[in-house]
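The block underneath contains the structure these notes are about, expressed in structure tokens.
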Number of protein chains: 2
Amino acid sequence: MDKNLKRMATMQRMQVTGLELFYKNGYYNTSVDDILKELSLSKGAFYYHFDSKEDFFIQIIENLLVRKVYSMLIEPIEGRDNPLELITNCFENALETAVHNELDFGFVLNNFITEFNGRNERIMKHLNDILKIWEVNLVSAIQKGKFNGHIDRHVDAEGVALFLMSSYLGIRTLMAESSPSSRKYRFMSQLRQYFKALEIKQSTF
Amino acid sequence: MDKNLKRMATMQRMQVTGLELFYKNGYYNTSVDDILKELSLSKGAFYYHFDSKEDFFIQIIENLLVRKVYSMLIEPIEGRDNPLELITNCFENALETAVHNELDFGFVLNNFITEFNGRNERIMKHLNDILKIWEVNLVSAIQKGKFNGHIDRHVDAEGVALFLMSSYLGIRTLMAESSPSSRKYRFMSQLRQYFKALEIKQSTF
DNA sequence: TTTGTATAAGACCTAACAGTCTGTTTTAAC
DNA sequence: GTTAAAACAGACTGTTAGGTCTTATACAAA
């Protein structure tokens, strides 16, 4: 068991810095040696623990990405309160970490999806699973809001979820490009505008 | 002059298939040889016309990308009509070409920005220029709409432009991933919802 | 202390890629 | 038809990358 612990620890170390570098330079633009150099480890160590670079990456998705997306983008919107408020706060927080150049896993997702789309089906399958989970949870949050009287009942929950995911992925691309802080602010204002159109009123369809 | 024409023609051929492959497989994942093989041309031909792969790519941006973005995303929103309608139609058309798997240059932009962000400043500069042009034109269209009474005067034009760009880049990522047609439909519905919140009324702020 | 296994080191292999260089063909001018 | 420059062919180089293989060390059990 002690052995197993040590094994897990080094694998974890590799995965964490692996994700960092993959995020910073892209998957195809990051070599296994780059990661090993960062950790002062050797090829032998790497291929002792992992079958291939691709396998390594998939384990990163399963062990790090999935959980982080859960804690940053899914758990915060679970609850009985007004989902529009929950989502607003959730995005606010996620984008705030993004402003400070920390790993924001919504963006990591966007990066990787763009990189692997149409190029690596196996990896895309795993990334799509994460997106799907996010989507499902957004939809159910919105439906809950319709049921609880926070959201107009004519609203298309799937549509709203899609729109939210779209705008989030997009703003992260644009925030990475320049003036993240002011863009975050502007984005959040517009998100609130959009949410107004979803609140209960007669004219909404 | 005749010579110059032939020169331009082969350069054009190279650029067109270059863009296609760069779009499909990514820049770093497409070799110069891949492009040449597609055209049955040789290294000699390539490096006779271009200084380097990077140079080649920048010429593609300037000659193909910029113009296409103009014709697809900018010119359609120039005019005296209601900008919200113009933008709706513009997005509708752009996303429709996207559904049919043609090159949609808004998405190309998103792909490349993601690929080069923080990795190649020189190329990013050129891509950012295109984004900036798009943004500026969106902003001025919206301001025109405020002036002409189509849009509430309290609306933040820069914010709306940013939100539109975000959502567009994002939906293109998601459309590339799966069920583009239905996603396009859902997205456009929500866009119209959002636009409702921007139309003239007292409660809007 | 010995022994066996888990963990790691690093030399090595092969493929791919950006870019160079020398030589050949095509083309236009005279 | 000769000539010179433009346009292209393709072998070659230096480097980098993913992955393999043999060997060395750490460490627990006996």
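Worth saying up front: this structure is predicted, and the values here are computed from it rather than measured. Chain letters run A, B, ... following the sequence lines, proteins first and then strands; every chain starts at 1.
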Quick test: give all pairs of protein nitrogen or oxygen and nucleotides 9-13 of chain C nitrogen or oxygen below 3.5 Å, distance rounded to 0.1 Å.
from: C/dA9; atom 1: OP2; to: A/Ser42; atom 2: N; distance (Å): 2.8
from: C/dA9; atom 1: OP2; to: A/Ser42; atom 2: OG; distance (Å): 3.1
from: C/dG10; atom 1: O6; to: A/Gly44; atom 2: N; distance (Å): 3.2

Inset, instruction - Applying salt bridge (charged side-chain N to carboxylate O under 4.0 Å, His left out), name anything that partners A/Lys125, two or more places apart in sequence or on another chain. - result: A/Asp129
Inset, instruction - Would you indicate, yes or no, if C/dA8 has its OP1 or OP2 atom less than 4.0 angstrom from a side-chain nitrogen or oxygen of A/His49? - result: yes
Inset, instruction - Could you identify which residues of residues 52-63 of chain B place a heavy atom less than 4.0 Å from some atom of DNA chain C, listed by residue number, or say none? - result: B/Ser52, B/Lys53
Legend entry - Pairwise salt bridge (charged side-chain N to carboxylate O under 4.0 Å, His left out) hits with a residue in residues 13-24 of chain B, at least two apart: none
Inset, instruction - Apply side-chain contact (heavy atoms from CB on, under 4.5 Å) to A/Asn111 and list each qualifying residue two or more places apart in sequence or on a separate chain. - result: A/Tyr23, A/Phe107, B/Thr114, B/Arg119
Inset, instruction - Please list all pairs passing the salt bridge (charged side-chain N to carboxylate O under 4.0 Å, His left out) test where one or both residues lie in residues 164-180 of chain B, with sequence neighbours left out. - result: B/Asp104-B/Arg172, B/Glu177-B/Arg183
Inset, instruction - Would you list the pairs meeting side chain to side chain donor-acceptor pair (under 3.5 Å) in which at least one residue belongs to residues 72-93 of chain B, sequence neighbours left out? - result: B/Glu92-B/Lys184
Inset, instruction - Quick one: list whatever passes side-chain contact (heavy atoms from CB on, under 4.5 Å) with A/Thr30, sequence neighbours left out. - result: A/Leu21, A/Phe22, A/Asn25, A/Asp34, A/Ile35
Legend entry - ring-ring contact (aromatic ring centres under 6.0 Å, His included) partners of residues 60-87 of chain A, not counting sequence neighbours, each pair once: none
Inset, instruction - Return each pair, listed once, that meets salt bridge (charged side-chain N to carboxylate O under 4.0 Å, His left out) where at least one residue sits in residues 61-73 of chain B; pairs must be two or more places apart or across chains. - result: none
Legend entry - Sorted by number, the residues of residues 19-34 of chain B with heavy-atom contact under 4.0 Å to DNA chain D: none
Legend entry - N or O in side chain of A/Arg7 less than 4.0 angstrom from C/dT7 OP1/OP2: yes
Legend entry - Counterpart residues, salt bridge (charged side-chain N to carboxylate O under 4.0 Å, His left out), relative to B/Lys43 (two or more places apart): B/Asp33
